[in-house]
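What follows is a short report on a single structure.
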Amino acid sequence: MTPETVGPLSRLVDVGRVPPRGQEVQIVATPEECAALARDFGLPAIQALSGDYQLKTSAKGINVTGLVKASITQICVMTLEPFDSLIEEEVEVDFAEPSGMPAESPTDINEYDPPDEIVNGQIDLGALTSEFLALGLDPYPRKPGIDFSYQEPSDEKDSPFAALGKLKGTE
């Protein structure tokens, strides 16, 4: 990730300072960062966004595990009404120096998940938090309790049961 691609939430961590036993890092977005991310993602609001991470060094680089939590407002695709929801996304990402990455992937691409790149000795946990928030967003959010059950009025007249009703004299 280059500095040009960093969004409104950026928290750089120097991987050289991660102790061998690992390190816990918490990322909490400010109200301004939440407002900017809401605009970027087309949401009415993001009330809160945080990421709790465990960083562990490995022979190839850094392994990051954790949980991204967000309290957001979305628009229901059925009613077009805003509603609040909570998002929780588990995170597990490996980071490696570009020189430590394999030149080519194994023959079965499904078995290979290449590590993200460590850029200038740093990883951006803010950008990672934003990325996993985006992954957790429902592309077709529905307000709780809303169900789609539309029936064309003409369908009832043309149904086989309507014809049976006519034979019975109920229609």
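Only heavy atoms go into these numbers, but all of them, side chains included; no hydrogens, no water, no symmetry mates.
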I'd like a table of donor-acceptor pairs (distance under 3.5 Å, sequence neighbours excluded) in which one partner is a side-chain atom from residues 83-93, with atom names and distances.
residue : atom : partner : partner atom : Å
Asp84   : OD1  : Thr73   : OG1          : 2.7
Ser85   : OG   : Gln74   : OE1          : 3.0

Of Val64, Val13, Asp124, Leu55, the residue whose pairing with Phe95 passes side-chain contact (heavy atoms from CB on, under 4.5 Å): Val64
Inter-residue atom distance Cys34.SG - Leu133.CG, 0.5 Å rounding: 9.0 Å
From Leu67 atom CG to Thr129 atom OG1, the distance as rounded to the nearest 0.5 Å: 10.5 Å
Result block: side-chain N/O donor-acceptor pairs under 3.5 angstrom for residues 36-46, not counting sequence neighbours:
none

Where at least one partner belongs to residues 9-29, residue pairs that pass salt bridge (Lys or Arg N to Asp or Glu O under 4.0 Å), sequence neighbours excluded: Arg11-Glu33, Asp14-Arg17
Separation of Glu131 CD from Asp116 CG (nearest 0.5 Å): 6.5 Å
Leu9 CG to Ile27 CD1 distance, which is reported to the nearest 0.5 Å: 7.0 Å
By salt bridge (charged side-chain N to carboxylate O under 4.0 Å, His left out) - contacts of Glu81 (at least two apart): Lys143
Non-neighbouring partners of Val77 that pass side-chain contact (heavy atoms from CB on, under 4.5 Å), sequence neighbours left out: Tyr140, Pro141, Arg142
Shared hydrophobic cluster, Val28 / Leu49 (ILVMFWY, side-chain heavy atoms < 4.5 Å): no
CG on Leu128 to CD1 on Ile123, rounded to 0.5 Å: 7.5 Å
Close side-chain approach of Tyr53 and Val68, heavy atoms under 4.5 Å: yes
Contact list for residues 66-78, test salt bridge (Lys or Arg N to Asp or Glu O under 4.0 Å), sequence neighbours left out: none
Check: Asp52 main-chain N/O paired with Gln26 side-chain donor or acceptor under 3.5 Å: no
Same apolar cluster (I L V M F W Y, side chains within < 4.5 Å links), Phe132/Leu137: yes
Distance, nearest 0.5 Å, that separates NZ of Lys60 from CD of Glu97: 14.5 Å
